[in-house]
Number of protein chains: 2
Amino acid sequence: MRESQAADARRYHHGDLRRALIDAASRVLEAEGPSALSLRAVAREAGVSPAAPYHHFKDKGELLEAVAHEGWDLLDAALAKAKAEASSPAQAISELGVAYVCFARNNPALYRVMYDTARDREDLPDQMKIEGDGAYCKVRDTLIEAGADPKDTLDIELATTAAWCSGHGLAEMAGFKQFAHLKEACGGEVEFFRAVFQHMGLAPRPPGD
Amino acid sequence: MRESQAADARRYHHGDLRRALIDAASRVLEAEGPSALSLRAVAREAGVSPAAPYHHFKDKGELLEAVAHEGWDLLDAALAKAKAEASSPAQAISELGVAYVCFARNNPALYRVMYDTARDREDLPDQMKIEGDGAYCKVRDTLIEAGADPKDTLDIELATTAAWCSGHGLAEMAGFKQFAHLKEACGGEVEFFRAVFQHMGLAPRPPGD
DNA sequence: TTGTTATCTTAGCATCGTCAAGATAGCGCG
DNA sequence: CGCGCTATCTTGACGATGCTAAGATAACAA
């Protein structure tokens, strides 16, 4: 019997179509890229009619938002893991950056959807809000742990913004083959990320700051 | 003989439809945003049938590439102007960044098309090529003029890449209203850009580097 | 003038997002 | 158990999109 399944989700005819649609969308996204992510393709992948999604999402954008939301959660988890594994706050900053860019490189289509939907809403997801304990706050906290003055709030916010923008910029650029030879010269993609971050002042600089 | 009109452009029935289509696309883009930029809308704006563009562009992507190309030229000009007006090489670096972000903020839809088409080609336009005298090279030259060691080519390329990524990252983020209060606290949008760049090590740092 | 060829239009195809109306199935209530 | 209610899903349709094929048209070359 299906009634015993976990989660308080709707489970009428299909079971939990909302969940199934998000998963189907993620599958299509990974397999065929963002341009192939049509509502009808998602419905097809989930094995339902083209109009079925409209009983769970207002429109296509709302489905994408749900997919993006999962993406932000994944990114948040990746950053948390990187922070936890760092040996020092100074190292943590650099590792957060590397983890961020690696996430974007490993999930390029999802990363794109995340920012595209954010742009459409002219807003940012909770994970990047100044309040709370999202990814943005993880970066800020790490900067404070690394020695930034927690009392100079403007300076802290600016530094966090600078770090986030740097990571996002590199994440978007890293996909272009223009940088292939630089990655090679650095001895690998991750090493390339580290080297670029050093030039951004995000990696620990040998002499005192 | 091409008749007397200027430009060696095609001018059969319409005159110069290729040119007119690019202009129409730019107009649609500025007026209605990237999501409204359909081939049919552009044809409508130019006053021709929906199939007419296919005699001048292989497909929609090629039209967008043409629009993007003009965008990169505009961006290049904006950077050249900023560099020319800077009072010192160190200032020039910061001013290049500010000019870059301002361009993106003043032409958000165009900026989007520029990078979207570049992503589709998995390549970057000439303006960002390592060779030549495009925008990328302007940044690199300015870094050298500001004191970077021109012999350490890897370091130079990494520094240029870091600068470009920082600018792009800030350009993309600057559109979110999340940062409205930061802009206010800095006393304006441009001042906000400058402040972020300082945290990225792109603005001139008081003590010698 | 005549023929050629580039240019543009008309008509059509498959797909997309979305909606309205009908069918279906699980649930509560008697 | 039976009845109805309502959420869920399907069918069918509309307008719009990217793109193609076939025909009309106008500039050029001879």
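These numbers come from the heavy atoms of this one structure, side chains and all, not from hydrogens, waters or symmetry mates. Each chain gets a letter, A, B and so on, in the order the sequences are listed, and its residues count up from 1.
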Nearest whole angstrom, please: distance from the P of D:dT8 to the NE2 of A:His56. 6 Å
Tell me the interatomic distance from A:Asp59, atom CG, to C:dC16, atom C1', rounded to whole angstroms. 14 Å
A:Leu39 CG to C:dC19 P: how many Å, rounded? 11 Å
Between C1' on C:dA6 and CZ on B:Arg18, what's the gap in Å once rounded to a whole number? 16 Å
Round to a whole Å and report the spacing from CD of A:Glu45 to P of C:dC16. 13 Å
Does D:dT17 have OP1 or OP2 sitting under 4.0 Å from an N or O in the side chain of B:Arg44? yes
Using the side chain to side chain donor-acceptor pair (under 3.5 Å) criterion, which residues pair with B:Thr161? Sequence neighbours excluded. none
Of the candidates C:dT18, D:dT8, C:dC8, the side chain of A:His55 sits closest to D:dT8
In whole angstrom, give the distance that lies between atom CD of A:Glu62 and atom C1' of C:dT18. 14 Å
The nucleotide from D:dT10, C:dC8, D:dG18 with an atom nearest the side chain of B:Leu17 is C:dC8
Is a side-chain N or O of B:Gln178 found less than 3.5 angstrom from the main chain of A:Met128, in a donor-acceptor match? yes
B:Ala51 has a side chain; which of D:dC9, C:dT10, C:dG17 sits nearest to it? C:dT10
Do B:Ser166 and A:Met200 touch side chain to side chain, with heavy atoms closer than 4.5 Å? yes
Regarding B:Arg27 and B:Asp23, does a basic nitrogen lie under 4.0 Å from an acidic carboxylate oxygen? no
With a cut-off of 3.5 Å and sequence neighbours excluded, list every side-chain donor-acceptor pair involving residues 105-113 of chain B.
from     : atom 1 : to       : atom 2 : distance (Å)
B:Arg105 : NE     : B:Glu189 : OE2    : 2.9
B:Arg105 : NH2    : B:Glu189 : OE2    : 3.0
B:Asn106 : ND2    : B:Cys102 : O      : 3.1
B:Asn107 : ND2    : B:Phe103 : O      : 3.0
B:Tyr111 : OH     : B:Tyr100 : OH     : 2.7
B:Tyr111 : OH     : B:His168 : ND1    : 2.5
B:Arg112 : NH2    : B:Glu172 : OE2    : 2.9

As a test of reading the structure: which of C:dT9, D:dG18, C:dG17 is closest to the side chain of A:Lys60, going by heavy atoms? C:dG17
Does a side-chain N or O of B:Arg40 approach OP1 or OP2 of C:dC16 to a distance below 4.0 Å, or not? no
Quickly work out the A:Arg19 CZ to D:dT8 P distance and round it to whole Å. 16 Å
Can you check the B:Glu32 CD to D:dA16 P distance for me, whole Å? 14 Å
Looking at A:Ser38, does any N or O in its side chain come under 4.0 Å of the phosphate oxygens OP1/OP2 on C:dC16? yes
